[in-house]
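The structure appears right after this line, and notes come after that.
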Amino acid sequence: MKKISIHQSQYIPWAPYFKKIAMSDVFVVMDSVQYQKNGVQNRNRIRDKNSDYWLTIPITGNLTDVISEKRLASDRWMMKHWKSIQSAYRSAPKWELYADKIEFLYQQSYSTLFEANQAFFIFLMDSLKINTQVVFLSELQVTGEKSDLVLNICKDLCATEYISGYGSKSYLNENKFIESGVEINYLESISPVYPQVQGEFISGLSMIDMLLNSPEDLIQEYLYSN
């Protein structure tokens with residue numbers, strides 16, 4: 001059995017993104033697909049004591065740019081994001097454990113959105129103790145669009161199971177997957193409930209929120225429970 005999951009590169013993704021990775025043997029980062037305007041490839045949400053709000057990386061270029069080519073408009077966002085995270089989470093239970101590492105990420109130099117996303121992705125994967133193998137779409141010799149692309153990735157990696165969100169159900173050709181011996185396991189994207197240091201619980205935030213607020217055993221239980 002070989003389970004794989006696939007997703008576009010995102011900025012500080014939410015918890016279900018990492019749950020899907022944790023349940024996989026191989027995770028494919030889609031770095032060579034077109035950038036999606038108004039998605040979460042360059043933004044995500046955190047919270048303060050009053051409400052949730054977006055942290056957005058400003059980008060430049062054309063709508064046809066692929067994610068790996070999407071360049072940053074400036075570096076001014078870095079200090080702004082760091083100060084926002086510092087203000088929001090300095091009272092969180094695990095702030096002291098991760099503050100220096102997060103600050104370090106906002107002190108680096110990034111030319112592209114993908115470089116920035118990958119730096120935070122690696123930090124979160126390490127902090128969450130997820131050891132799933134990560135490969136990049138650009139490294140694979142596969143072609144196709146939508147369902148065919150996903151199936152070709154599965155074939156190239158000799159997958160027997162594809163872990164997918166329910167959003168893909170509308171376009172995946174399930175019969176072709178069955179014919180190719182690849183089982184589709186639809187994973188519902190449910191945001192976990194956990195203690196938050198400020199105010200009434202808000203769901204659907206960046207994984208940074210859960211990482212800084214939750215004990216290790218609660219995080220691991222969420223990531224690996226069916």
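Reckoned from all heavy atoms, side chains included, excluding hydrogens, waters and symmetry mates. Since the structure is predicted, the reported quantities are computational estimates derived from the model, not experimental observations.
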Only pairs under 3.5 Å count here: list side-chain donor-acceptor contacts from residues 59-73, not counting sequence neighbours, and write none if there are none.
unit_1, atom_1, unit_2, atom_2, d
D65, OD2, N62, N, 2.9
D65, OD2, K70, NZ, 3.3
S68, OG, D31, O, 3.3
K70, NZ, N62, O, 2.8

#### Entry: Short side-chain to backbone donor-acceptor contact, S168 and S164, under 3.5 Å
no

#### Entry: Derivation and outcome, side-chain hydrogen bond (donor to acceptor under 3.5 Å, both in side chains), residues Y194 and D209
CA-CA 10 Å; Y194 52 89; D209 188 87; 2.5 Å; yes

### Query
Is there a side-chain contact between K155 and L151 (heavy atoms, below 4.5 Å)?
yes

### Query
Sequence neighbours excluded, which residues qualify as side-chain hydrogen bond (donor to acceptor under 3.5 Å, both in side chains) partners of N185?
E161

### Message
Is it the case that the side chain of N44 and the backbone of Y11 share a donor-acceptor pair, with hydrogens and angles ignored and the cut-off at 3.5 Å?
### Response
yes

### Query
Is there a donor-acceptor contact under 3.5 Å from the side chain of E139 to the main chain of V135?
no

### Message
Within the structure provided, determine whether K94 and I219 are in side-chain contact (heavy-atom separation under 4.5 Å).
### Response
yes

### Task
Decide whether I46 and V197 are clustered together by the hydrophobic rule: side chain heavy atoms of Ile, Leu, Val, Met, Phe, Trp, Tyr closer than 4.5 Å, transitively.
no

## Note on the structure
Note: L128 and M207 closest approach over all heavy atoms is CD2-CE, 3.4 Å

### Task
Could you list the residues that satisfy side-chain hydrogen bond (donor to acceptor under 3.5 Å, both in side chains) with D52, not counting sequence neighbours?
R45

### Task
State plainly whether one hydrophobic cluster holds both M125 and Y224, where clusters connect Ile, Leu, Val, Met, Phe, Trp and Tyr through side-chain heavy atoms under 4.5 angstrom apart.
yes

### Message
Quick check: is L140 connected to I163 through a chain of hydrophobic side chains (ILVMFWY, heavy atoms under 4.5 Å apart)?
### Response
no

### NZ or CZ of K101 within 45° of F123 ring axis and under 6.0 Å
no

#### Entry: Within-4.5 Å side-chain heavy-atom neighbours: M30 and I6
yes

#### Entry: Test salt bridge (charged side-chain N to carboxylate O under 4.0 Å, His left out) applied to D48 - qualifying residues, sequence neighbours left out
none

#### Entry: From OG1 (T160) to CG (L157), nearest 0.5 Å
11.5 Å

#### Entry: Aromatic centroids of F121 and F114 separated by under 6.0 Å
no

### Task
Take Y98 and E103 through the side-chain contact (heavy atoms from CB on, under 4.5 Å) test and state the conclusion after the steps.
CA-CA 9 Å; Y98 292 110; E103 182 180 21; over 6 Å; no

### Query
Strictly by modelled atom types, are S5 and S24 linked by a side-chain donor-acceptor pair under 3.5 Å?
yes

### Message
Could you report the tightest heavy-atom contact between H7 and Q10, atom names first, then the distance?
### Response
CE1-NE2, 3.0 Å

### Query
So do L137 and V28 actually touch side chain to side chain, heavy atoms under 4.5 Å?
yes

### Single-linkage hydrophobic cluster I21~M23, side-chain heavy atoms < 4.5 angstrom
no

### Atom of L172, atom of Y162 and distance for their closest heavy-atom approach
CD1-CE2, 3.9 Å

### Query
So which heavy atom on Y110 is nearest to which on L105, and how close?
OH-O, 2.6 Å

### Task
Please say whether more than 12 non-hydrogen atoms of neighbouring residues, nucleotides or ligands are located less than 6.0 Å from OH in Y53.
yes

### Query
So, do V150 and F177 sit near enough that their side-chain heavy atoms are less than 4.5 Å apart?
yes

#### Entry: Contact summary for A159 and I4, nearest pair of heavy atoms
CB-CG2, 3.7 Å

### Query
With under 30° as parallel and over 60° as perpendicular, where do the rings of Y106 and W77 fit, or are they tilted in between?
perpendicular

### Query
Shortest non-hydrogen contact from S225 to Y222?
OG-O, 3.6 Å

### Under the side-chain hydrogen bond (donor to acceptor under 3.5 Å, both in side chains) test, residues paired with R47 that sit two or more places apart
Q196

### Query
So which residues get pulled into V40's cluster when ILVMFWY side chains under 4.5 Å apart are joined, directly or through others?
W54

### Query
Any side-chain heavy-atom pair from L205 and S191 closer than 4.5 angstrom?
no

### Query
Tell me, do L55 and I85 make a side-chain contact under 4.5 Å, heavy atoms counted?
yes

